Amino acid sequence: MKKLLPILFLIVGLGAGAGAGVFLGPTGAKGDKAETAETENKKDDKGKSEAKAKPEKAKDEIPTGSEYVKLPKQFVIPIVTKDHISALATVSLSLETVEGSTDAVYSKEPKLRDMFLQVLFDHANMGGFDGAFTRPDNLAPLRKALNDVARNELGDIVKDVLIVDIARQDT
């Protein structure tokens, strides 16, 4: 009996896990889609659909919500003093954009990265990563320059450029 007990627990556990997986599984399976289609196609006595129709967006309408697009790689900026690299700064950026513009941002990512790197190199060459480089008055010109570059490239879909992470490592 003691030898059968672990096997019995194993079978009960597998059955409970499978049952929970079926019951709590993700929506959108074939059965769910068929049920949704049947519900949407049901008509009441007057011939109108029971499911409420979603209003369609006008094609010219610009969405008002925000979407955040994280640029996948960090920017690494060498800090040069007296003709040698004295430190490296790493910066992670995200863009706050209007909804639905993720594809537009990613399609221009190489150009954006190049332009952002140029701004970051200029900031480093002006001493922007020296001393207390995270003070708001030191980061304000960098934020403005990054925003200007993003808006010049992508237009009004960019609301803001966010500095998500910034660090400096002395060599």
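Please read these numbers as outputs of a predicted model, since none were measured by experiment.
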Calculate, to the nearest 0.5 Å, the distance between atoms [atom1] and [atom2] belonging to [X] and [Y] respectively.
{"X": "Gln169", "Y": "Thr90", "atom1": "CD", "atom2": "OG1", "value": "9.0 Å"}
{"X": "Leu120", "Y": "Ile166", "atom1": "CG", "atom2": "CD1", "value": "8.0 Å"}
{"X": "Phe116", "Y": "His123", "atom1": "CZ", "atom2": "NE2", "value": "14.5 Å"}
{"X": "Lys111", "Y": "Glu153", "atom1": "NZ", "atom2": "CD", "value": "5.5 Å"}
{"X": "Phe129", "Y": "Leu142", "atom1": "CZ", "atom2": "CG", "value": "5.5 Å"}
{"X": "Ser101", "Y": "Lys108", "atom1": "OG", "atom2": "NZ", "value": "13.0 Å"}

Considering all heavy atoms of both residues, which atom of [X] and which atom of [Y] are nearest to each other, and what is their separation?
{"X": "Ala104", "Y": "Leu154", "value": "O-CD2, 3.9 Å"}
{"X": "Pro78", "Y": "Ile85", "value": "CB-CD1, 4.0 Å"}
{"X": "Lys159", "Y": "Gly65", "value": "NZ-O, 3.5 Å"}
{"X": "Asp170", "Y": "Ala87", "value": "OD1-CB, 3.3 Å"}
{"X": "Tyr106", "Y": "Pro110", "value": "O-CD, 4.4 Å"}

So, Asp160 and Arg143, do they make that salt bridge, N to O below 4.0 Å?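 Salt bridge absent between Asp160 and Arg143.
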Does Asp156, at its CG atom, have more than 12 non-hydrogen atoms belonging to other residues, nucleotides or ligands within less than 6.0 Å? no
Are more than 12 heavy atoms, taken from residues, nucleotides or ligands other than Lys70, located less than 6.0 Å from that residue's NZ atom?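 Counting neighbours around NZ of Lys70, more than 12 heavy atoms of other residues, nucleotides or ligands fall under 6.0 Å, so yes.
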Cut-off 3.5 Å, side chains only: do Glu67 and Thr102 have a donor facing an acceptor? yes
Please check if any side-chain donor atom of Asp114 sits under 3.5 Å from a side-chain acceptor atom of Gln118, or the reverse.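 No.
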Spell out, as yes or no, whether a donor-acceptor pair under 3.5 Å connects the side chain of [X] to the backbone of [Y].
{"X": "Arg151", "Y": "Ile157", "answer": "no"}
{"X": "Ser86", "Y": "Val80", "answer": "no"}
{"X": "Arg168", "Y": "Ile79", "answer": "no"}

Side-chain heavy atoms of Pro141 within contact of Met126, under 4.5 Å: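 The answer is no; the side chains never approach within 4.5 Å.
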Check whether [X] and [Y] end up in the same hydrophobic cluster, where Ile, Leu, Val, Met, Phe, Trp and Tyr are linked by side-chain heavy atoms less than 4.5 Å apart.
{"X": "Phe121", "Y": "Leu93", "result": "yes"}
{"X": "Leu112", "Y": "Val76", "result": "no"}
{"X": "Leu162", "Y": "Val91", "result": "no"}
{"X": "Val164", "Y": "Val161", "result": "no"}
{"X": "Val69", "Y": "Leu117", "result": "yes"}

